[in-house]
Amino acid sequence: MCGIVGYTGNKSAKDVLIEGLKKLEYRGYDSAGVALEDNGKLEICKAAGSVGDLEKTLNGKFNTAGLGLGHTRWATHGRPTDENAHPHYSASREIVVVHNGIIENHQALRDRLSIEGGYEFRSETDTEVLAHLIEEYYRGDLFEALRRALLDVEGSYALVAASSREPEKLVCARKDSPLIIGYGDGENLIASDIPALLTHTRKTCILEDGELAVLTADRVVVYNRQGDILEKDTLEIDWDLEAAEKGGYDHFMLKEIMEQPVAVRETLRQRISAGEGKVSLSELEFSVDELKRVEKIFIVACGTAYHAGLVGKAVIEKLVGIPVEVEVASEFRYREPLLEQNHLVIVISQSGETADTLAGLRLARSRGLNVMAITNVVGSTVSREADHVLYTWAGPEIAVASTKAYLTQLIALYLFAIYLGESRGVLPVEEAMGLVKGLQSLPGKLNSVLNEENVARLKTYCDHLAKWESAFFVGRNLDSPVAMEGSLKLKEISYIHAEACAAGELKHGPLALIVDGIPVIALVTQEAVLDKALSNIQEINARGGEVFAIAQEGFDDVQNQVDSVFYLPPVHNLLTPVLSVVPTQLIAYYAALARGSAVDKPRNLAKSVTVE
Ligand code: M6R
């Protein structure tokens, strides 16, 4: 995710862009840049760092520019460096481009442009190919050049371009990444999100996939891919600024929960081939020999990332047949683990900056081991120090409670398990195909879990749950780590004491705490242990506990045994955690809301724990 703003009009474009980019920093903040029209030239100013840093660099410069485009970056292709920051120039420096999304065929285009066109690339980004491609097709009409260039492009984009030869004009296009036009009086704007527009206008128009637009100060024209002019409806925005920054949601956490179908789709993008049942993770740069030599895996992480690791352990052991240990990073680093040369250490960290996880990584490397990182932040310390990196593409996660990052960590682990199994020749094709198809179906299924009716039901349940000071999460097999994650989320933001328990363990102690009416959330998605899970539920019922089950559709017996059941769409047995965790996130969210907690910034906690 990145943030884009474009402006043309009678104000200082620089000021409008900087103000707009600051409003979009939630979309990415590792580097920022602007291109401003200055005496017939397009001048770029960009660097790694925040929009605030960029503002300082621009101080006193380009004050009279009336047209410009800006970008705040969340690195995908290419590290967060000055060169990789947007905007990007074409070879002649006459065209500038900012882009949000992923150009999937960028390598092929890069090869073509450099071999046939002699273009030299200045950055590692996929975006730079767009600048050169548009230039290649430029014959005096920027809109036509963009339209033609996009015929060659595969992937997702929200992009804005300008040319010094048509200095009154911004051209834009959208596919799978948002772009919103803001209509002003003698000025027009374009941005990735509404907050960047609100100071200037509330009259907007959402560009749809496949649409392009040309903005001048006094006119906006929207086109389809064929170049036909479209009539577009305007949308009057009545949100206040704060609501707009959260996409209209009350909290970042809810917004991020709702973004999960897209985050999962992005993390799967270009890594699976459903027809063949294949996973390709060439970005990891493991040789097949290296993968074959792995005798044991340690997964090292903290908090939610640790819970993702627990699911990863079950999946890797099942699909690959090698032992996996999951370690809380703060313990791993001090317990002198028995590490050997053919062991692989996987660290998982959303931020890539967690001190304990980083220390675990360094310990493993100091013993000469290969370390692979699963992280959400390109250029983070973990990504720089690991030998191999598998990125999750969740986009920036702002709420302290991790939701979409967790889901994408699971996806990364499934992908890696399948990849490892296939590379070692131990995963039968049929099985791989079933899993890959299952992975591909997840965004759609997540959307149905997150439908309005379901959300309303969970909210109603939470009005009851929120009155309690204690709650339980139980589950067996793959439901057990999800119970742990559900309980962490609930305690973290609602401050209800929540205990997770492998359901079979209840009778060894925790059952003593089950009293009349106490809320118990039971995860029931594992067919192999369904009977056992049902008998655990009976144990709870017998002590008066009130059970809310989250169960796989088709497990009809569940509803007869519990007070309430939330059914999940059927999915491959190993993939259930991706769906079952979602209601637990919403339960935590609505319970916290009912108790008036600071949902996005819970007391005593920080998003990134960079101290021991
Ligand atoms: O950035 P990391 O993934 O390394 O963070 C690890 C934990 O601090 C984090 O998952 C924490 O547990 C979350 N706040 C839980 O929602």
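Start at 1 and go down the list; that is how both ligands and their atoms are numbered.
Proximity to Gln350 (heavy-atom distance under 4.0 Å) selects the following atoms of ligand 1: 1 (O), 2 (P), 3 (O), 4 (O). Close approach of ligand 1 to Cys302 (heavy-atom distance below 4.0 Å) involves ligand atoms 6 (C), 7 (C), 10 (O). For ligand 1 and Ser349, the ligand atoms under 4.0 Å from any heavy atom of the residue are 1 (O), 2 (P), 3 (O), 4 (O). Contact atoms of ligand 1 toward Gly303: 12 (O) (distance under 4.0 Å to a heavy atom of the residue). Within ligand 1, counting atoms from 1 as listed, the ones closer than 4.0 Å to a heavy atom of Ala401 are 16 (O). In the vicinity of Lys489, heavy-atom distances shorter than 4.0 Å reach the ligand 1 atoms 15 (C), 16 (O).
Checked against a 3.5 angstrom limit, the closest N/O atoms of Val400 and ligand 1 fall inside it. Where the criterion is an N or O separation shorter than 3.5 Å, residue side chain and backbone included, Ser402 meets it with respect to ligand 1. Here's the thing with Thr304: one of its N/O atoms is less than 3.5 angstrom from an N/O atom of ligand 1.
From the protein, the heavy atom lying nearest to atom 13 (C) of ligand 1 is Glu492 OE2, 3.5 Å. Shortest contact from atom 1 (O) of ligand 1 to any protein heavy atom: Ser351 OG, 2.7 Å. Nearest non-hydrogen protein atom to atom 8 (O) of ligand 1 is Val609 CG2, 4.1 Å.
Between Phe286 and His388, the two ring planes are parallel [angle under 30°; tilted spans 30° to 60°]. The aromatic rings of Tyr29 and Trp74 sit perpendicular, their planes meeting at an angle over 60°, well past the 30° parallel limit.
Side chain to side chain, Asn536 and Arg476 meet the donor-acceptor criterion of an N or O pair below 3.5 Å. There is a side-chain donor-acceptor pair under 3.5 Å between His251 and Tyr589. Counted by atom type alone, Thr125 and Asn84 present zero donor-acceptor pairs between their side chains at under 3.5 Å.
By the 4.0 Å heavy-atom criterion, Glu353 is excluded from the residues contacting ligand 1.
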Next item on the list: Could you give me the CA-CA distance, side-chain angles and deciding distance for Glu283 and Arg271, then say whether salt bridge (charged side-chain N to carboxylate O under 4.0 Å, His left out) is met?
Entry: CA-CA 10 Å; Glu283 71 229 64; Arg271 289 167 165 167; 2.4 Å; yes

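For the pair Arg603 and Tyr495, the distance from NZ or CZ to the six-membered ring centre is under 6.0 Å and the angle to the ring normal is within 45 degrees.
For Tyr391, the ring-ring contact (aromatic ring centres under 6.0 Å, His included) test picks out Trp393, with sequence neighbours left out.
Ser580 pairs with exactly one of Leu478, Val449, Thr525 by the side chain to side chain contact (heavy atoms under 4.5 Å, CB included) rule, that one being Thr525.
Of all the listed residues (Asn376, Thr354, Val377, Ile493), Thr354 holds the heavy atom that lies closest to atom 2 (P) of ligand 1.
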